Number of protein chains: 2
Amino acid sequence: MSEKRLNQAIETLKESGVRITPQRHAVLEYLLNSMVHPTADEIYKALEGKFPNMSVATVYNNLKVLREVGLVRELTYGDSSSRFDCNTSDHYHTICNNCGKIVDFHYPPLNEVEALAEQVTGFDVSHHRLEVYGTCPDCQKVGTKKH
Amino acid sequence: MSEKRLNQAIETLKESGVRITPQRHAVLEYLLNSMVHPTADEIYKALEGKFPNMSVATVYNNLKVLREVGLVRELTYGDSSSRFDCNTSDHYHTICNNCGKIVDFHYPPLNEVEALAEQVTGFDVSHHRLEVYGTCPDCQKVGTKKH
DNA sequence: TATTTATTTATAATCTTTACAATTAGTTTA
DNA sequence: TAAACTAATTGTAAAGATTATAAATAAATA
Ligand SMILES: [Mn+2]
Ligand SMILES: [Mn+2]
Ligand SMILES: [Zn+2]
Ligand SMILES: [Zn+2]
């Protein structure tokens, strides 16, 4: 079933005139199969077995291309490095204060908030972001150490 | 009137056993008078006239202290550097896609979202963050260039 | 096949933030 | 007040993530 998403994504890339290189394909495939919102470095490390000569710059380049085409979203939190999400459907995130885990979380879009923000601030609103923080179930059980 | 907030903040620091140095006082005062959620570097540059020998490390050190005491909140967005907000009351932010301006924006806390996130994900929720993005009134008028 | 263009690679550079050790300043005690 | 103690500042180095650059390579086109 993940095959379908991959093929659709490749189709999108082709339509945008972007070449499907082995490295690009691998980054895309890894993201599609990943549920953990990985960092650029995590992707790099995960693929270095298959592509021993791949540069970390290639990962960044491809993430940028995928983002520009709309296949990938970049998530920027306080912690140093960006995370990448190929689930571009509308959804929010819950983040563990302890281990950093990021979990998808569906909720009806907060349109009223956007509308009110527009009224109050005079902004022409395009979108919003929301994250809920807390302790994940795993970290609740044990008194787990940080990270 | 800003005097009052400054004195209260200084009182909080004293109670925490933190020394009130001239540099610390200046950083705090600058933040209290600033409406623009400045970066560490902006604070550093703003104070270099008054403290020509101050190190940028001092700014970071003091921001850390002020944060730990609860007088300052750190805002982390996608753009490289953190921003600092000494308005610790509950409020959200609206951010301009074009010029990066950050505007306070009051709205009743989204408790229902937190409650549902708890139910759905099993997290023990502590807090959430929300930002609304769009084009600010100034940038709507003119076809202003980025940044 | 020859040519053109996009992509990759390797590496250097940039930028923000933190770490560290020495110096200075503030506080406490005698 | 002087001495002793502790916290804070300074200057600089180091870390870590990301971007820039130029040469090499691969893909696409003619
Ligand atoms: Mn997600
Ligand atoms: Mn604010
Ligand atoms: Zn956790
Ligand atoms: Zn603007």
Side-chain angles (χ1 to χ4, degrees), chain A residues 10 12-30 37-69 71-84 100 146-147, chain B residues 10 12-30 37-69 71-84 100 146-147:
Chain A
I10 288 173
T12 305
L13 284 175
K14 278 184 185 165
E15 283 165 13
S16 307
V18 174
R19 292 181 187 168
I20 318 296
T21 65
Q23 295 90 338
R24 184 165 290 158
H25 188 280
V27 169
L28 178 58
E29 190 176 26
Y30 180 80
H37 309 82
T39 63
D41 198 59
E42 282 165 5
I43 298 171
Y44 174 65
K45 286 198 164 57
L47 299 181
E48 71 181 354
K50 212 172 181 179
F51 298 90
N53 297 321
M54 184 168 65
S55 168
V56 69
T58 299
V59 175
Y60 279 102
N61 288 341
N62 282 319
L63 288 170
K64 191 182 175 194
V65 169
L66 295 174
R67 180 160 44 87
E68 285 167 353
V69 174
L71 287 171
V72 164
R73 273 202 295 175
E74 184 174 359
L75 311 175
T76 52
Y77 303 119
D79 72 331
S80 45
S81 41
S82 287
R83 299 183 160 274
F84 296 89
K146 269 223 172 153
H147 211 162
Chain B
I10 287 172
T12 304
L13 285 174
K14 278 184 183 164
E15 282 164 12
S16 307
V18 174
R19 293 181 185 168
I20 319 294
T21 65
Q23 294 90 337
R24 184 163 291 159
H25 188 280
V27 169
L28 178 59
E29 189 175 25
Y30 180 79
H37 309 83
T39 64
D41 198 58
E42 281 166 4
I43 298 171
Y44 174 65
K45 285 198 167 58
L47 299 180
E48 73 180 353
K50 212 173 182 178
F51 298 90
N53 297 320
M54 184 167 64
S55 168
V56 69
T58 299
V59 175
Y60 279 101
N61 288 342
N62 282 320
L63 287 170
K64 192 183 176 194
V65 169
L66 295 175
R67 180 160 43 86
E68 285 167 352
V69 174
L71 287 171
V72 164
R73 273 201 297 175
E74 184 173 358
L75 312 174
T76 53
Y77 304 118
D79 71 331
S80 45
S81 41
S82 286
R83 299 182 162 274
F84 297 88
K146 269 224 171 150
H147 213 163

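Residue numbers start from 1 in every chain, and the chains themselves are labelled A, B, ... in the order their sequence lines are given, proteins ahead of strands. For clarity, every value in this text was computed on a predicted model and none was experimentally measured.
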[X] has an atom [atom1]; how far is it from atom [atom2] of [N], in whole Å?
{"X": "B:His25", "N": "D:dA8", "atom1": "NE2", "atom2": "P", "result": "16 Å"}
{"X": "A:Tyr44", "N": "C:dT11", "atom1": "OH", "atom2": "C1'", "result": "12 Å"}
{"X": "B:Tyr77", "N": "C:dT16", "atom1": "OH", "atom2": "C1'", "result": "17 Å"}
{"X": "B:Glu48", "N": "D:dT9", "atom1": "CD", "atom2": "C1'", "result": "17 Å"}
{"X": "A:Leu13", "N": "D:dA27", "atom1": "CG", "atom2": "P", "result": "16 Å"}
{"X": "B:Asn53", "N": "D:dT9", "atom1": "CG", "atom2": "C1'", "result": "10 Å"}
{"X": "A:Ile20", "N": "C:dT7", "atom1": "CD1", "atom2": "P", "result": "9 Å"}
{"X": "B:Lys14", "N": "C:dG26", "atom1": "NZ", "atom2": "C1'", "result": "13 Å"}

Heavy-atom distance under 4.5 Å between the side chains of [X] and [Y], does that happen here?
{"X": "A:Leu47", "Y": "A:Val59", "answer": "no"}
{"X": "B:Leu63", "Y": "B:Ile43", "answer": "yes"}
{"X": "A:Val18", "Y": "A:Arg24", "answer": "yes"}
{"X": "A:Leu66", "Y": "A:Leu13", "answer": "yes"}

task = Identify the two heavy atoms, one from A:Tyr30 and one from A:Pro38, that lie closest to each other, and give their separation to 0.1 Å.
result = CE2-CG, 3.9 Å
query = OP1 or OP2 of C:dT17 less than 4.0 angstrom from a side-chain nitrogen or oxygen of B:Ser82, does that happen here?
reply = yes
task = Taking only the side-chain nitrogens and oxygens of B:Gln23, find out if one of them lies under 4.0 Å from OP1 or OP2 of D:dT10.
result = yes
message = Using a heavy-atom cut-off of 4.0 Å across all strands, would you classify A:Thr39 as base, sugar-phosphate, or nothing?
response = nothing
B:Ala40 vs B:Thr21, nearer the 5' end of DNA chain C by closest nucleotide = B:Ala40
key: Selection: residues 54-66 of chain B, any non-hydrogen atom under 4.0 Å of DNA chain D   = B:Met54, B:Ser55, B:Ala57, B:Thr58, B:Asn61, B:Asn62
Using the 3.5 Å cut-off, write out each protein N or O paired with an N or O of nucleotides 4-7 of chain D and the distance between them.
residue	atom	partner	partner atom	Å
D:dT6	O2	B:Arg19	NH2	3.4
D:dA7	O4'	B:Arg19	NH1	2.9
D:dA7	O4'	B:Arg19	NH2	3.0

query = Could you state the interatomic distance from NZ (B:Lys64) to CD (B:Glu74), rounded to the nearest 0.5 Å?
reply = 11.0 Å
inquiry  = Let me confirm one number: the CZ-CZ distance from B:Arg83 to B:Arg73, rounded to the nearest 0.5 Å.
reply    = 15.0 Å
key: Pairing partner of D:dA30 (Watson-Crick or G-U wobble, both distances under 3.5 Å)   = C:dT1
